[in-house]
Chemist: 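I'd like to ask some things about the structure below.
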Amino acid sequence: MEIIKSVSLAGKESKSAHQLHLQLASMIDSAKQNGKLHSRWGTDVFATTIGGVYFHMVLSWTLLEVQYTALSESFRKQFAVVWAGINRN
């Protein structure tokens with residue numbers, strides 16, 4: 001919550017979020033080029049969606065004090081749902 005309140009921290013976290021997005025996009029592009037990923041969705045949509053699930057989990061863990069194992073399992077399930085929707089033509 002402090003990140004949301006603090007302009008200074010938000011700027012630093014924004015850079016981190018952007019770096020995560022770029023890394024995800026790079027991995028997604030590689031998978032597409034190697035024929036391991038076939039989808040009608042664009043790379044930017046993938047990276048944004050996966051990043052959104054990740055940050056939702058981080059906020060849930062921070063704000064709701066969810067146990068790590070429950071959080072980890074929840075992330076895996078949510079990611080599986082996202083992946084099932086992404087990896088289709």
Side-chain angles (χ1 to χ4, degrees):
M1 286 307 282
E2 293 303 315
I3 291 170
I4 295 169
K5 294 177 188 176
S6 170
V7 174
S8 173
L9 289 175
K12 292 176 186 173
E13 289 305 313
S14 177
K15 288 178 187 174
S16 295
H18 183 67
Q19 288 175 335
L20 174 63
H21 181 87
L22 292 176
Q23 287 296 322
L24 288 169
S26 175
M27 290 186 291
I28 292 163
D29 280 338
S30 289
K32 283 180 168 183
Q33 291 171 1
N34 293 333
K36 295 180 180 181
L37 178 63
H38 306 283
S39 181
R40 63 186 173 111
W41 300 104
T43 298
D44 192 53
V45 172
F46 292 159
T48 300
T49 303
I50 294 168
V53 170
Y54 171 77
F55 283 110
H56 175 265
M57 290 290 96
V58 170
L59 285 173
S60 294
W61 176 67
T62 304
L63 299 175
L64 304 175
E65 298 181 12
V66 178
Q67 295 295 322
Y68 174 76
T69 52
L71 181 69
S72 179
E73 181 63 21
S74 180
F75 179 79
R76 276 194 282 281
K77 287 178 181 176
Q78 289 185 38
F79 186 77
V81 169
V82 169
W83 187 253
I86 286 174
N87 197 24
R88 292 182 177 199
N89 288 323

Chemist: Does Val81 share a hydrophobic cluster with Val53, counting links as ILVMFWY side-chain heavy atoms below 4.5 Å and allowing steps through other members?
Modeler: no
Chemist: So does Leu22 get a backbone contact from the side chain of Ser26, meaning a donor-acceptor N/O pair under 3.5 Å?
Modeler: no
Chemist: How many angstroms lie between CD1 in Ile28 and NZ in Lys36, if you round to the nearest 0.5 Å?
Modeler: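 If I round to the nearest 0.5 Å, the distance is 14.5 Å.
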Chemist: Let me confirm one number: the CE-OG1 distance from Met27 to Thr43, rounded to the nearest 0.5 Å.
Modeler: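 If we round to the nearest 0.5 Å, Met27:CE and Thr43:OG1 are 12.0 Å apart.
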Chemist: Is it the case that over 12 heavy atoms from other parts of the model lie below 6.0 angstrom from the CZ atom of Phe75?
Modeler: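 Yes, because the 6.0 Å sphere around CZ of Phe75 holds more than 12 heavy atoms from other groups.
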Chemist: Residues in side chain to side chain contact (heavy atoms under 4.5 Å, CB included) with Ser74, at least two apart?
Modeler: Met57, Gln78
Chemist: My understanding is that only residues two or more places apart in sequence, or in another chain, count here; which of them pass side chain to side chain contact (heavy atoms under 4.5 Å, CB included) with Val45?
Modeler: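 Partners of Val45 by the side chain to side chain contact (heavy atoms under 4.5 Å, CB included) criterion, ordered by chain and then number, come out as Trp41, Thr49.
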Chemist: Taking all atoms of both residues into account, what is the closest heavy-atom pair of Ala47 and Ala25, and its distance?
Modeler: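 Taking every non-hydrogen atom into account, CB-N, 4.0 Å.
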Chemist: Should Asp29 and Phe46 count as side-chain neighbours, where that means a heavy-atom distance under 4.5 Å?
Modeler: no
